[in-house]
Amino acid sequence: MFLIMGSFFMMTEKAFADSLDELRSLLPVSIGEWKAEGEDQFYDPRTIFDYIDGAGEVYRAYSMRRCLSRRYAGPKGGVLILDIFDMGSSEDAYGVFTHDREGNAVPLGQEGLYNASWLRFWKDRFFISLSDETRTDSSEEMKGILARKVSELIREPGRQPALISRLPFQGLETGSLRYLHDPVILNTHFYLSDENILHLGSGTEAALATYEHMGARLTLLLVQYPDEDKAALAHGSLMKHYLPNADREGIARLEDGKWAGSGRRGRFLAAVLESSDRETAVRLMAEALESAEKQ
């Protein structure tokens, strides 16, 4: 698939899209034997459930603006589905991309991934998804060509959330990184509580990641709040509901024998949600708060 992408035609005149409508107008109507089929469909945060009921909440949790969906029909009954989500910001395009990081890296857009016939990447404020209903050699080729075309039409690369750069680097498993605002997304990757005990919301940013230090595996959550009062409120809530037996260092032993802890400095809250080693949890929590304040 990706060898074929390398021979994709070079555009003699560059045309770029800065909005979803512009992007739609520049998309190819046909490529080889593959042709656009039916009317393009647009979805907003309310109607997205009519299209992808099971995953609609994920896109809403990252403040999606609109989604463009186009079907391409090919030979032997092949159908390819192109979905382009305008997430409103590059930070949220990155965030929704990190929700599912299964797959092999591909050189498309920013941090492209390919897994089980699903190709996706993010660029600028857009998240792009390509999937096929009938996987064939022709559809695999088409996915690569169309993905490269869409990526070239988006003028600028996006920026990762600044919070990601505040995480400690040593021991970080980059493929585990998740960026989020919503407690539903957090609970998908690490169940904390049925209640929003961390007071997450549109005004907060959170990064969840796995670390490995000297044989110990840890799950770290770093949250940035709009102000110190909100951070203090969330920290108190976390200690009350998740770590009621914490010691003076903010560390507690969980029922499964693992360790967890939390600390706060200014607008930042760092929580090691689970660790196989107590001292490593203390160190990582301190490193996270120190790194967050330095940036």
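In what follows, residues are counted from 1 in the order of the sequence shown. As a basis for the values below, the full set of heavy atoms in this structure was taken, side chains included, without hydrogen atoms, waters or symmetry mates.
- Taking the six-membered ring for Trp, Y179 and H181 have ring centres closer than 6.0 Å.
- To the nearest 0.5 Å, the span separating CZ on F169 from OG on S291 amounts to 11.5 Å.
- In the hydrophobic cluster analysis, where Ile, Leu, Val, Met, Phe, Trp and Tyr join through side-chain heavy atoms closer than 4.5 angstrom, L20 is grouped apart from Y94.
- Taking every heavy atom of both residues into account, A206 and L221 meet most closely at CB-CD1, 4.1 Å.
- Of all heavy-atom pairs between A288 and L222, the closest is O-CD1, 4.4 Å.
- In this structure, the side chains of L82 and L68 stay at 4.5 Å or more apart for every pair of heavy atoms.
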(Q) Please determine whether side-chain contact (heavy atoms from CB on, under 4.5 Å) holds for the pair L198 and L186, giving the CA-CA distance in whole Å, both sets of side-chain angles, and the decisive distance to 0.1 Å. (A) CA-CA 10 Å; L198 281 169; L186 174 59; 4.0 Å; yes
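- Taking 4.0 Å as the cut-off between side-chain N and carboxylate O, D86 and R125 count as a salt-bridged pair.
- Applying the 6.0 Å contact sphere to CD of E173 captures more than 12 heavy atoms from other residues, nucleotides or ligands.
- Residues Y72 and R70 bring a donor and an acceptor atom of their side chains to less than 3.5 Å of each other.
- Ring centroid separation for the pair F127 and W122 does not come in under the 6.0 Å cut-off.
- Rounding to the nearest 0.5 angstrom, the gap separating the CG atom in D182 from the CZ atom in R60 is 10.0 Å.
- Tracing side-chain contacts under 4.5 Å through hydrophobic residues (I, L, V, M, F, W, Y), one never reaches I84 starting from M64; they form parts of separate clusters.
- The residues D227 and R267 are annotated as not salt-bridged, no charged nitrogen and carboxylate oxygen being separated by less than 4.0 angstrom.
- Geometrically, R120 engages W118 in a cation-pi contact defined by less than 6.0 Å to the ring centre and at most 45° from the axis.
- Side-chain heavy atoms closer than 4.5 Å link hydrophobic residues (I, L, V, M, F, W, Y) into clusters, and following such links, even through other members, never connects V58 to F121.
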request  = Take Y62 and L180, measure what side-chain contact (heavy atoms from CB on, under 4.5 Å) needs, and give me the verdict at the end.
outcome  = CA-CA 7 Å; Y62 287 101; L180 56 102; 3.7 Å; yes
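- For the pair R278/V282, a side-chain contact is recorded, criterion being any heavy-atom separation below 4.5 Å from C-beta on.
- Contact check on R166 versus E290 returns no salt bridge, with no Lys/Arg side-chain nitrogen under 4.0 Å from an Asp/Glu carboxylate oxygen.
- Judged purely by atom type and a 3.5 angstrom limit, T98 uses its side chain to pair as donor or acceptor with the backbone of G95.
- With hydrogens and angles disregarded, no donor-acceptor distance shorter than 3.5 Å links the side chain of T280 to the backbone of S276.
- L80 is connected to L119 through a chain of hydrophobic side-chain contacts under 4.5 Å among Ile, Leu, Val, Met, Phe, Trp and Tyr, so both are in one cluster.
- Using modelled atom types, one side-chain atom of K123 and one backbone atom of S151 make a donor-acceptor pair closer than 3.5 Å.
- At least one donor-acceptor pair closer than 3.5 Å links the side chain of R264 to the backbone N or O of G266.
- For the pair R24 and D21, the salt-bridge criterion is not met [side-chain N within less than 4.0 Å of a carboxylate O].
- In summary, the side chains of D44 and T47 do present a donor paired with an acceptor at a separation below 3.5 Å, with no hydrogens or angles considered.
- Across all their heavy atoms, L218 and S275 have their closest contact at CD2-OG, 3.3 Å.
- Side chain of Q110 to backbone of G158: a donor-acceptor contact under 3.5 angstrom is found.
- Annotation: side chain of F97 is not in contact with side chain of D92 (no heavy-atom distance under 4.5 Å).
- Here the CG atom belonging to L177 is positioned 6.0 Å from the CG atom belonging to L167, to the nearest 0.5 angstrom.
- With hydrogens and angles disregarded, a donor-acceptor distance shorter than 3.5 Å links the side chain of D100 to the backbone of E102.
- Judged by distance alone, the side chains of E140 and Y114 do bring a donor and an acceptor atom under 3.5 Å apart.
- R265 pairs with exactly one of E287, E228, E293 by the salt bridge (charged side-chain N to carboxylate O under 4.0 Å, His left out) rule, that one being E293.
- Taking CG from L289 and CG from L284, the interatomic distance works out to 9.5 Å, rounded to the nearest 0.5 Å.
- Side chains of L269 and Y225 form a contact here, defined as non-hydrogen atoms less than 4.5 Å apart.
- Among all heavy-atom pairs drawn from I52 and Y59, the shortest one is CD1-CE1, 3.4 Å.
- Within the 3.5 Å criterion, the main-chain N or O of E39 finds a donor-acceptor partner in the side chain of Q41.
- In this structure, the side chains of S237 and Y242 stay at 4.5 Å or more apart for every pair of heavy atoms.
- A side-chain donor-acceptor contact under 3.5 Å links D277 to the backbone of E279.
- Panel note: side chain N187, backbone L192; a donor-acceptor pair is recorded below 3.5 Å.
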Could you check T204 against Q224 for side-chain contact (heavy atoms from CB on, under 4.5 Å), going step by step and ending with a plain yes or no?
-> CA-CA 6 Å; T204 61; Q224 180 175 332; over 6 Å; no
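- By the 6.0 Å contact criterion, OH on Y191 is enclosed, its count of non-hydrogen atoms from other residues, nucleotides or ligands being greater than 12.
- The CD atom of E37 sits 10.0 Å away from the CD1 atom of I81 when rounded to the nearest 0.5 Å.
- In this structure the side chain of L220 never reaches within 4.5 angstrom of the side chain of L273, judged on heavy atoms.
- The closest side-chain heavy-atom distance from E111 to R101 is below 4.5 Å.
- Checked by atom type and distance alone, the side chain of R178 pairs as donor or acceptor with a backbone atom of H99 at under 3.5 Å.
- One hydrophobic cluster holds both L26 and L23 under the rule that ILVMFWY side chains link at heavy-atom gaps under 4.5 Å.
- S262 pairs in a side chain to side chain contact (heavy atoms under 4.5 Å, CB included) with only one of the listed residues (L238, I251, V272), which is L238.
- Residues F190 and E274 form a side-chain contact, since some pair of their non-hydrogen atoms from C-beta on lies under 4.5 Å apart.
- For the atom pair CG (L243) and CZ (R253), the distance works out to 14.5 Å, reported to the nearest 0.5 Å.
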- Test I31 against M142 for side-chain contact (heavy atoms from CB on, under 4.5 Å), laying out the working first. CA-CA 8 Å; I31 297 178; M142 176 62 173; 4.0 Å; yes
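- In this structure, N115 and G103 approach most closely via the heavy-atom pair CB-CA, 3.5 Å.
- Counting non-hydrogen atoms of neighbouring residues, nucleotides and ligands closer than 6.0 angstrom, the CZ atom of R65 reaches no more than 12 such neighbours.
- Judged by distance alone, the side chains of S69 and D83 do bring a donor and an acceptor atom under 3.5 Å apart.
- Minimum interatomic distance between M285 and A270 (heavy atoms only, all atoms of both residues): CG-O, 3.8 Å.
- Under the ring-ring contact (aromatic ring centres under 6.0 Å, His included) rule, Y51 has a single partner from F85, Y43, F42, which is Y43.
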